[in-house]
Each structure stands twice: as C-alpha cells, then as structure tokens.
Amino acid sequence: MKITVLCVGKIKEKYFTSAIAEYSKRLGRYCTFEIKEVADEKTPDNASEKECSIIKEKEGARLEKLLDESSYKIALCIDGNMIDSVELSKKIESIKLSGKSHIVFIIGGSLGLADSIVKKADYRLSFSMMTFPHQLMRVILSEQIYRAFRIAAGEPYHK
C-alpha cells in the first residue's frame, strides 16, 4: 500500500518536521509513505472572497498536476465526514480490499481546498469543526494514519 499526503505549502518549523519524520519512519513497517508539497499563494490581508477563490484555484491547479487519477483520493475538509480512529482504520482497509493500492490524502492551504479538488475526491474527511494550521494538520494526519495501521494489525494503541 502506498500513502501520499499531498499538501499546499512548506513546513518551516523544525518541531513539525521532526514529528512528521518520526511518523514517516514508523509507517515504513506498514506502507510506502510520502509527502508531496506544492507552493502556496500569498494571501493579502483583507482579501476579498473573489481573491480567496482565485488563490484556492491556483493552489488547486498545482495539486491537480500531482494527483494520481488511479488513486483513492481523500480530501481533508471541515465539512467532511467526522470519523474516529477505528473507523479510519476500517476505511483504509476497505480501500485496500477494493483493489486500490494508493491512497492520497489532500490538505489545502490556509484558505482550504479548491472546489475542483474537492469534487475529484472519492471521500471527504474532517478531523474537527475547528480550524488547524495546515502544517499541524500534517502531523495529526501522519499520526492518525500510523494509528490506523496499528489498529488494523491488531497492535496496541492509546484510546
């Protein structure tokens, strides 16, 4: 199984990159794990709704170039399905059983994902009604993917 996290922007904070590196290493037992980044757009202060839409579409076009059409695409959206860790584990297992060998999780930039990317997704996932910085979301997502594989393998995990 191959898992790709496709995201907007780079991580500058060492504590985030260290955490992601640790989960990437741990995930090596279970899958091929990679993170692909595209450049983010600068958002001016007090940007209009139209400006925000244009920014999201530019970022979306960059994401789209890296999307593997044969993969199972999961968009992280605030209005997506909220599931627990066990359900995420079952979701990944059911995707594997359906014959898909590549799952792509897509994280947008500070304004979220372009509608065009959300429409291409096979599933929309929400971690909370709260908004998280996209850099922190990569850490949370990496940990949850690791936890999902441990659950599927019948290995202990914190509840």
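Here the structure is a predicted model, which means the values were calculated and not measured.
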Report summary line: residues 52-61 vs salt bridge (charged side-chain N to carboxylate O under 4.0 Å, His left out), sequence neighbours excluded, gives none

Requested in this report: Apply the test salt bridge (Lys or Arg N to Asp or Glu O under 4.0 Å) to residues Arg147 and Glu143: give CA-CA distance (whole Å), side-chain angles for both, the deciding distance (0.1 Å), then the verdict.
Outcome: CA-CA 6 Å; Arg147 184 180 297 263; Glu143 187 279 334; 2.7 Å; yes

Query - Straight-line distance of Lys91 NZ to Ile74 CD1, nearest 0.5 Å - result: 6.5 Å

Query raised in the report: Got a second to check how far Leu111's CG is from Glu49's CD, nearest 0.5 Å?
Result: 11.5 Å

Query - Val104 and Leu66: CA distance, side-chain angles, deciding distance, side chain to side chain contact (heavy atoms under 4.5 Å, CB included) verdict - result: CA-CA 10 Å; Val104 178; Leu66 297 179; over 6 Å; no

Report task. With sequence neighbours excluded, tell me which residues meet ring-ring contact (aromatic ring centres under 6.0 Å, His included) with Tyr72. Result -> none

Query raised in the report: Given the rule in the side chain to side chain contact (heavy atoms under 4.5 Å, CB included) test, do Thr32 and Ile3 qualify, once you have shown the distances and angles that lead to the verdict?
Result: CA-CA 6 Å; Thr32 301; Ile3 304 282; over 6 Å; no

Query - Qualifying residues under side-chain hydrogen bond (donor to acceptor under 3.5 Å, both in side chains), relative to Thr131, sequence neighbours excluded - result: none

Requested in this report: Would you please test Cys77 and Leu125 for side chain to side chain contact (heavy atoms under 4.5 Å, CB included) and show each step?
Outcome: CA-CA 6 Å; Cys77 306; Leu125 177 64; over 6 Å; no

Requested in this report: May I ask whether Ile92 and Phe33 are part of the same hydrophobic cluster, defined by side-chain heavy atoms of I, L, V, M, F, W, Y residues being less than 4.5 angstrom apart, directly or through others?
Outcome: yes

Query raised in the report: Is there a donor-acceptor pair closer than 3.5 Å between any side-chain N or O of Asp40 and the backbone N or O of Gly109?
Result: no

Could you go through residues 7-21 and list every donor-acceptor pair under 3.5 Å that involves a side-chain atom there, pairing it with any protein atom two or more places apart or in another chain?
residue : atom : partner : partner atom : Å
Lys10   : NZ   : Glu37   : OE1          : 3.3
Thr17   : OG1  : Lys14   : O            : 2.9
Ser18   : OG   : Lys14   : O            : 3.0

Query raised in the report: Can Glu93 and Lys96 be counted as an ion pair, charged N to O under 4.0 angstrom?
Result: yes

Report summary line: Here the pair of heavy atoms bringing Ser126 nearest to Gly80 is CB-O, 3.5 Å

Report task. For the pair Arg124 (side chain) and Asn81 (backbone), establish whether a donor and an acceptor sit closer than 3.5 Å, ignoring hydrogens and angles. Result -> no

**Report entry** Cluster check Tyr146, Phe105: I/L/V/M/F/W/Y, side chain < 4.5 angstrom
**Finding:** yes

Query - Under 3.5 Å: donor-acceptor pair, side chain of Arg150, backbone of Pro156 - result: yes

Requested in this report: Considering non-hydrogen atoms only, spot the tightest contact between Ile78 and Ser128 and give its length.
Outcome: CG1-O, 3.6 Å

Report task. Any chance you could measure Ile83, atom CD1, to Leu88, atom CG, to the nearest 0.5 Å? Result -> 4.5 Å

Query raised in the report: Would Tyr30 and Glu155 count as a side-chain hydrogen bond (donor to acceptor under 3.5 Å, both in side chains) if you check the C-alpha gap in whole Å, the side-chain angles of each, and the deciding distance to 0.1 Å?
Result: CA-CA 12 Å; Tyr30 305 101; Glu155 297 170 354; 2.3 Å; yes

Query - Test side-chain hydrogen bond (donor to acceptor under 3.5 Å, both in side chains) applied to Glu34 - qualifying residues, sequence neighbours left out - result: Lys2, Thr4

Query - Student check: side-chain heavy atoms of Ile145 and Ser24 closer than 4.5 Å - result: no

Query raised in the report: What distance separates Lys36 NZ from Lys65 NZ, expressed to the nearest 0.5 Å?
Result: 14.0 Å

Report task. For Gln144 and Ser85, run side chain to side chain contact (heavy atoms under 4.5 Å, CB included): C-alpha distance rounded to whole Å, both residues' side-chain angles, the deciding distance at 0.1 Å, then the answer. Result -> CA-CA 7 Å; Gln144 284 297 303; Ser85 299; 2.6 Å; yes

Query - Leu141-Tyr157 co-clustered via ILVMFWY side chain contacts under 4.5 Å - result: no

Query - Minimal non-hydrogen separation, Ala47 against Cys52, with atom names - result: CB-SG, 3.8 Å

Report task. For Lys100 and Lys73, indicate whether the former's side chain and the latter's backbone hold a donor-acceptor pair under 3.5 Å. Result -> no

Query - Under 3.5 Å: donor-acceptor pair, side chain of Ser53, backbone of Lys50 - result: no

Query raised in the report: At what distance, to the nearest 0.5 angstrom, does CE of Met1 lie from CZ of Phe149?
Result: 6.5 Å

Query raised in the report: So does Lys25 pair up with Glu22, basic N to acidic O under 4.0 Å?
Result: yes

**Report entry** Value rounded to 0.5 Å, distance of CD1 in Ile95 from CG in Asp122
**Finding:** 8.0 Å

Query raised in the report: Can you name the side-chain hydrogen bond (donor to acceptor under 3.5 Å, both in side chains) partners of Asp115, sequence neighbours left out?
Result: none

Query raised in the report: Do Ile107 and Leu6 come close enough that some side-chain heavy atom pair is under 4.5 Å?
Result: no

Report summary line: For Ser48 and Glu51 the tightest heavy-atom approach is N-OE1, 2.7 Å

Query raised in the report: Linking I/L/V/M/F/W/Y whenever their side-chain heavy atoms sit closer than 4.5 Å, directly or via other members, would Leu76 and Val5 fall into one cluster?
Result: yes

Query raised in the report: Under 4.5 Å between side-chain heavy atoms, hopping through other hydrophobics if needed: is there a path connecting Leu113 to Ile140?
Result: no

